[in-house]
Amino acid sequence: KYFEGGVLEGGDFSFELKDENGQVIKTETNGSNGKLTFDLPDGYFKEAGTYTFYVNELNDKQENVNYDGSVYQITVVVECKEETYTLGVDENNNPKTYTVKNYVATTTSVQKGSLDEDNSFTASNENAAGNIGFTNSKETPKPSESPEPSESPEPSESPEPSESPE
């Protein structure tokens, strides 16, 4: 997260991670270093396959902030890695085995673009190069113009007292 003209303190801006159907999986905020992490719930990947996610920033309408409306499409290919362990033998002296299935993301691609109302992604010509970056800018409000104070008139001289005749 980049904030031109402002200082990130942590928790300044919120971001959504959505699944391929546009359902919000998680919402996170940025850290003071501008970074954020989406941790998927345990067991999210239950089978091998290709998963598509979208990341966007929420516009909470902070005063004088111009928001980055970009959406990033993240495509993750998940493979199942099976490992079989022998855990002793049964009463017939046959090996007891236990198979562990680990689902591992093997390929990830990132594209910058936008989402239509029907959740159709349109890639932009910008190459995200595997990186996701949102840039907001803070405008410094211009002071309102007030009219110049008018000059006050010069004090008029009071007439000299006249001498009275004797």
_For the student: nearest non-hydrogen atoms of P95 and T86, plus distance_ = CB-CG2, 3.9 Å

*Would you check if the side chain of D19 reaches a backbone N or O of N21 as a donor-acceptor pair within less than 3.5 Å?*
yes

*Using modelled atom types only, decide if a donor and an acceptor are shared between the side chain of Q62 and the backbone of D12 within a distance under 3.5 Å.*
yes

_Side chains of E4 and Y2: any donor to acceptor distance under 3.5 Å?_
no

*Are V76 and V104 in one and the same hydrophobic cluster, where Ile, Leu, Val, Met, Phe, Trp and Tyr link if side-chain heavy atoms are under 4.5 Å apart?*
no

*Would you say T106's side chain and V77's backbone share a donor-acceptor pair under 3.5 angstrom?*
yes

*asked:* Rounded at 0.5 Å granularity, tell me how far CG in D90 sits from NZ in K96.
replied: 6.5 Å

_Could you measure the distance from the CG atom of L36 to the CD atom of E28? Nearest 0.5 Å is fine._
7.0 Å

*When the aromatic ring centroids of F38 and F53 are compared, is their separation below 6.0 Å?*
no

*Fit a plane to each ring of Y44 and Y51, take the angle between them on a 0 to 90° scale, and name the class: parallel (under 30°), tilted (30 to 60°) or perpendicular (over 60°).*
tilted

*Pairwise distance CZ(F15) to CG(N56) - rounded to 0.5 angstrom*: 9.5 Å

*Is any NZ, NE, NH1 or NH2 atom of the basic residue among K81 and E83 found under 4.0 Å from an Asp or Glu carboxylate oxygen of the other?*
no

*Sub-4.5 Å side-chain heavy-atom contact between T29 and S14*: yes

*Check G31 against L8 and note the closest heavy-atom contact, atom names and distance.*
O-CB, 4.5 Å

*asked:* Counting neighbours of CG on N92 that are heavy atoms of other residues, nucleotides or ligands and sit closer than 6.0 Å, is the number greater than 12?
replied: yes

*asked:* Please report the interatomic distance CG(D68) to CG(N59), rounded to the nearest 0.5 Å.
replied: 10.5 Å

*What distance separates I74 CD1 from Y54 OH, expressed to the nearest 0.5 Å?*
10.5 Å

*Which pair of heavy atoms, one from P41 and one from I25, lies closest together, and at what distance?*
CD-CG2, 4.4 Å

*Would you name the heavy atoms of C80 and Y103 that are closest together and state the gap between them?*
CB-CE2, 3.6 Å

*Judged by atom type as modelled, is there a donor-acceptor pair below 3.5 Å linking the side chain of K26 to the main-chain atoms of D39?*
yes

*Side chains of E16 and L58: does their closest heavy-atom pair fall under 4.5 Å?*
yes

*Rounded to the nearest 0.5 Å, how far does OG1 of T122 lie from CD of Q73?*
10.0 Å

_Quick one, F13 with V65, criterion side chain to side chain contact (heavy atoms under 4.5 Å, CB included). Give me CA distance, side-chain angles, the key distance, then yes/no._
CA-CA 11 Å; F13 301 101; V65 173; 4.1 Å; yes

*Any idea which heavy atoms bring K112 and S70 closest together, and the distance?*
CE-OG, 2.9 Å

*Would you say the side chains of Y67 and D60 form a donor-acceptor pair under 3.5 Å?*
yes

*A123 to Q111 - nearest heavy-atom pair and separation*: CB-NE2, 3.9 Å

*Can you tell if the side chain of V110 reaches within under 4.5 Å of the side chain of V55, non-hydrogen atoms only?*
no

